[in-house]
Trainee: 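Sharing a structure with you now.
Keep in mind the model is a prediction, meaning the values are calculated, not measured. The first residue in the sequence is number 1, and the count goes up from there. Values reported hereafter were calculated over all heavy atoms of this structure, with side chains retained and with hydrogens, waters and symmetry mates removed.
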Amino acid sequence: MLKKTTESKLLAGYIYGDNVTKEYVYLPGSEVDTEEPILVYEDNGGRDDIGMERALEIIEKRSLKSTTHPVFGKNTMG
């Protein structure tokens, strides 16, 4: 159930991350309404494109929470 909630929030543009470690997972606006969205994982100044399953794994493993991104704010859709 928690994964479904997290997935829904990601698809709505919410950003998960940790401002201390500077890790973020989010859905770029260009990926909205795509059949298989590609999300972004930022870590140590780098960026990787990842699928939803990998995004959910990272969020769970790293205990990332809904947060504010230094560039995008709280939501990539706003």
Side-chain angles (χ1 to χ4, degrees):
M1 181 70 176
L2 186 58
K3 277 191 174 185
K4 273 294 188 198
T5 302
T6 302
E7 181 177 355
S8 294
K9 286 186 172 187
L10 284 168
L11 292 172
Y14 287 90
I15 299 166
Y16 281 78
D18 183 326
N19 293 90
V20 174
T21 62
K22 301 198 182 324
E23 290 178 88
Y24 304 97
V25 176
Y26 57 89
L27 179 74
S30 61
E31 291 293 312
V32 173
D33 293 331
T34 59
E35 199 167 308
E36 291 193 34
I38 301 297
L39 293 94
V40 173
Y41 173 55
E42 291 184 11
D43 180 29
N44 295 322
R47 294 172 48 138
D48 289 315
D49 292 341
I50 57 174
M52 181 61 75
E53 283 304 312
R54 181 70 181 128
L56 295 171
E57 288 172 9
I58 291 169
I59 290 167
E60 183 176 353
K61 181 179 179 183
R62 306 290 294 160
S63 298
L64 302 180
K65 306 291 181 211
S66 186
T67 192
T68 302
H69 187 278
V71 175
F72 303 118
K74 290 185 180 217
N75 193 303
T76 59
M77 306 302 166

Trainee: Could I get the full list of side-chain contact (heavy atoms from CB on, under 4.5 Å) partners for Ile38, not counting sequence neighbours?
Mentor: Glu31, Asp49

Trainee: Does anything in residues 45-66 form a ring-ring contact (aromatic ring centres under 6.0 Å, His included)? List the pairs, not counting sequence neighbours.
Mentor: none

Trainee: Is Ile59 reachable from Tyr24 through a run of hydrophobic residues whose side-chain heavy atoms are each under 4.5 Å from the next?
Mentor: no

Trainee: Can you give the donor-acceptor pairs under 3.5 Å from side chains of residues 65-72 to other protein atoms, not counting sequence neighbours?
Mentor:
{"residue": "Thr67", "atom": "OG1", "partner": "Asn19", "partner atom": "OD1", "Å": "2.4"}
{"residue": "His69", "atom": "ND1", "partner": "Val71", "partner atom": "N", "Å": "2.9"}
{"residue": "His69", "atom": "ND1", "partner": "Phe72", "partner atom": "N", "Å": "3.2"}
{"residue": "His69", "atom": "NE2", "partner": "Glu42", "partner atom": "OE1", "Å": "3.1"}
{"residue": "His69", "atom": "NE2", "partner": "Glu42", "partner atom": "OE2", "Å": "3.2"}

Trainee: Please name the pair of heavy atoms, one in Pro37 and one in Leu27, separated by the smallest distance, quoted to 0.1 Å.
Mentor: CB-CD1, 3.6 Å

Trainee: Quick check: do Asp43 and Asp48 have side-chain heavy atoms less than 4.5 Å from each other?
Mentor: no

Trainee: How long is the span from the CG atom in Leu56 to the OG1 atom in Thr6, to the nearest 0.5 Å?
Mentor: 6.5 Å

Trainee: Do Met52 and Leu11 have side-chain heavy atoms sitting under 4.5 Å apart?
Mentor: yes

Trainee: A side-chain contact here means heavy atoms from C-beta on lying under 4.5 Å apart; do Val40 and Thr76 qualify?
Mentor: no

Trainee: When rounded to the nearest 0.5 angstrom, what is the spacing between OH in Tyr26 and CE in Met77?
Mentor: 11.5 Å

Trainee: Who passes side-chain hydrogen bond (donor to acceptor under 3.5 Å, both in side chains) against Glu23, sequence neighbours left out?
Mentor: Thr21, Tyr41, Arg62

Trainee: Please report the closest heavy-atom contact between Ala12 and Asn75, naming both atoms and the distance.
Mentor: O-ND2, 3.3 Å

Trainee: In the hydrophobic clustering (ILVMFWY, side-chain contacts below 4.5 Å, transitive), which residues join Tyr14, or is it alone?
Mentor: none

Trainee: Which atom pair, heavy atoms only, marks the closest approach of Leu39 to Ala55?
Mentor: CD2-CB, 4.2 Å

Trainee: For Val20, which fellow cluster members are found when Ile, Leu, Val, Met, Phe, Trp and Tyr are connected by side-chain heavy-atom distances below 4.5 angstrom, either directly or through intermediates?
Mentor: none

